[in-house]
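A quick note: this is a predicted structure, and the numbers were derived from the prediction, not measured.
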Amino acid sequence: GFPTGISGAELTTSARRQAGRFGAEVIATRKAVKLVAGETGTARTIAFGDGGEIAARAVILATGVDYRQLRVAGCWDNPDDPECSYVGRGVYYGASVSDASECAGEDVYLVGGANSAGQAALYMADKAKSVTMLVRGQSLEASMSHYLIQRIENHPRIRVRTCTEVVGTSGDDDHLTGLVLENRTTGDREAVESTRLCCFIGAAPRTDWLKEVVAVDDYGFVLSGPDLRGVVGWTLDRPPYHLETSAPGVFVAGDVRAESAKRVAAAVGEGSMAVMLVHRYLAGA
């Protein structure tokens with residue numbers, strides 16, 4: 001539905017306008033700092049940083065994640081120098097199968113050494129002139145599945161450069177044109193031409209304010225539904241609904257949920273499903 005991509009800000013603005021047309025109340029410029037979840041049938045209370053609070057019988061958590069960005073000039077959205085960012089103009093965080101057709105004939109550079117980076121390298125190499133993986137560590141073995149490593153090693157258009165990181169960028173007013181790479185062992189630097197850099201360096205969920213209320217996995221993502229089995233003691237007679245957290249009546253949707261797909265379409269689908277489950281919860285609460 002977004003042939004040229006869409007930023008998070010643009011998508012959020014459109015969603016907010018649509019919510020307003022349906023009569024939803026939107027509270028802006030206030031930060032949620034605490035969630036208090038009582039017994040089933042009682043209110044859940046959200047406290048704000050300004051001292052205010054709001055109560056509701058059910059809550060949906062859709063706080064998303066903060067995708068880690070390379071703290072290299074041109075590779076991150078620097079609020080002090082926004083015009084010098086190539087994010088969305090040659091520097092991309094993550095990639096999908098559809099991106100492969102856009103990089104036909106290009107020399108693609110990819111940062112990361114986990115499975116997501118390896119999978120992206122393989123499907124982008126089908127169309128790209130070449131794909132170079134830049135890995136900070138000494139090998140891929142510590143962070144990538146063996147079957148992916150074998151496929152990457154056997155692919156004629158994929159090259160892996162270990163102990164290497166991006167330390168600089170170059171470009172014109174519109175797009176990225178080159179990178180500066182540094183060998184972390186020797187300190188040697190090299191300038192290379194590149195119009196596409198894809199980064200796979202992880203994401204951090206916005207759950208610091210929730211960890212004492214709902215169960216999260218080892219990375220801070222919120223557990224829900226079947227994933228709660230064997231992790232927390234569920235006290236109700238019924239099993240948790242699919243997107244329900246360890247706190248009855250508190251649901252989760254989108255990227256902040258453990259094992260989510262990290263895609264716009266998946267997040268939107270989970271949001272609509274969560275609303276349906278809230279109605280089911282309220283009917284039985």
Side-chain angles (χ1 to χ4, degrees), residues 8-9 11-12 15-16 19 24-69 93-94 114 116 201-236 238-282 284-285:
L11 182 63
T12 301
R16 179 180 175 181
E25 179 185 2
V26 178
I27 300 176
T29 68
R30 298 174 75 181
K31 182 179 180 180
V33 296
K34 186 178 181 180
L35 170 64
V36 178
E39 299 295 330
T40 301
T42 62
R44 284 89 183 90
T45 302
I46 298 175
F48 297 106
D50 60 3
E53 60 182 32
I54 190 171
R57 293 176 61 193
V59 172
I60 298 175
L61 305 172
T63 54
V65 297
D66 286 318
Y67 283 92
R68 299 186 180 96
Q69 295 189 335
Y93 286 89
S116 57
I201 54 176
R206 303 186 180 108
T207 56
D208 289 342
W209 63 293
L210 296 168
K211 291 181 180 179
E212 295 181 0
V213 183
V214 299
V216 298
D217 65 10
D218 293 340
Y219 303 98
F221 292 89
V222 179
L223 297 169
S224 64
D227 292 335
L228 294 171
R229 189 179 298 115
V231 177
V232 297
W234 182 259
T235 58
L236 301 184
R238 65 167 177 83
Y241 294 122
H242 183 67
L243 297 177
E244 193 170 19
T245 70
S246 59
V250 178
F251 297 80
V252 62
D255 290 2
V256 73
R257 185 180 67 83
E259 305 297 332
S260 63
K262 307 296 187 294
R263 292 289 183 268
V264 169
V268 171
E270 287 186 7
S272 61
M273 183 186 298
V275 172
M276 178 191 70
L277 294 174
V278 164
H279 283 286
R280 185 179 300 178
Y281 167 79
L282 294 177

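In the displayed structure, Lys211 atom NZ is contacted under 6.0 Å by more than 12 heavy atoms of other residues, nucleotides or ligands. For Arg30, the CZ atom sits in a packed shell: over 12 heavy atoms of surrounding residues, nucleotides or ligands are nearer than 6.0 Å.
For the side chain to side chain donor-acceptor pair (under 3.5 Å) test, no residue two or more places apart in sequence or in another chain qualifies with Glu53.
Here CG of Asp208 is found 10.0 Å from OG1 of Thr63. Values are rounded to the nearest 0.5 Å. A distance of 11.0 Å separates CG in Leu277 from CG in Leu282, rounded to the nearest 0.5 Å. Taking CG from Leu61 and CG from Leu35, the interatomic distance works out to 6.5 Å, rounded to the nearest 0.5 Å. In this structure, CD in Gln69 is found 7.5 Å from CD1 in Ile201, a value given to the nearest 0.5 Å.
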List the steps, then state whether side chain to side chain contact (heavy atoms under 4.5 Å, CB included) holds for Val278 with Ile60. CA-CA 8 Å; Val278 164; Ile60 298 175; 3.9 Å; yes
Take Arg206 and Val65 through the side chain to side chain contact (heavy atoms under 4.5 Å, CB included) test and state the conclusion after the steps. CA-CA 6 Å; Arg206 303 186 180 108; Val65 297; 5.8 Å; no
Could you walk me through whether Glu244 and Arg280 pass the salt bridge (Lys or Arg N to Asp or Glu O under 4.0 Å) check? CA-CA 11 Å; Glu244 193 170 19; Arg280 185 179 300 178; over 6 Å; no
Full working for side chain to side chain contact (heavy atoms under 4.5 Å, CB included) between Arg44 and Arg57: CA-CA 6 Å; Arg44 284 89 183 90; Arg57 293 176 61 193; 6.0 Å; no
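Looking at heavy atoms from C-beta onward, Arg257 lies in side-chain contact with Leu243 at the 4.5 angstrom threshold.
Relative ring orientation between Phe251 and Tyr281 is described as perpendicular, the plane-to-plane angle rising above 60° on a 0-90° scale split at 30° and 60°.
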Which atom pairs, one a donor and one an acceptor, fall under 3.5 Å between side chains of residues 213-226 and the rest of the protein, sequence neighbours left out?
{"residue": "Asp217", "atom": "OD1", "partner": "Tyr219", "partner atom": "N", "Å": "2.9"}
{"residue": "Asp217", "atom": "OD1", "partner": "Gly220", "partner atom": "N", "Å": "2.9"}
{"residue": "Asp217", "atom": "OD1", "partner": "Phe221", "partner atom": "N", "Å": "2.9"}

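Of all non-hydrogen atoms in Ala261 and Ala266, the two that sit nearest each other are CB-CB, 3.7 Å. Looking at every heavy atom in both residues, Asp255 comes nearest to Gly64 through CB-CA, 4.3 Å. Closest of all the heavy-atom pairs between Gly254 and Glu270 is N-OE1, 2.8 Å. When every heavy atom of Thr245 is checked against every heavy atom of Trp234, the shortest pair comes out as O-CZ3, 3.4 Å.
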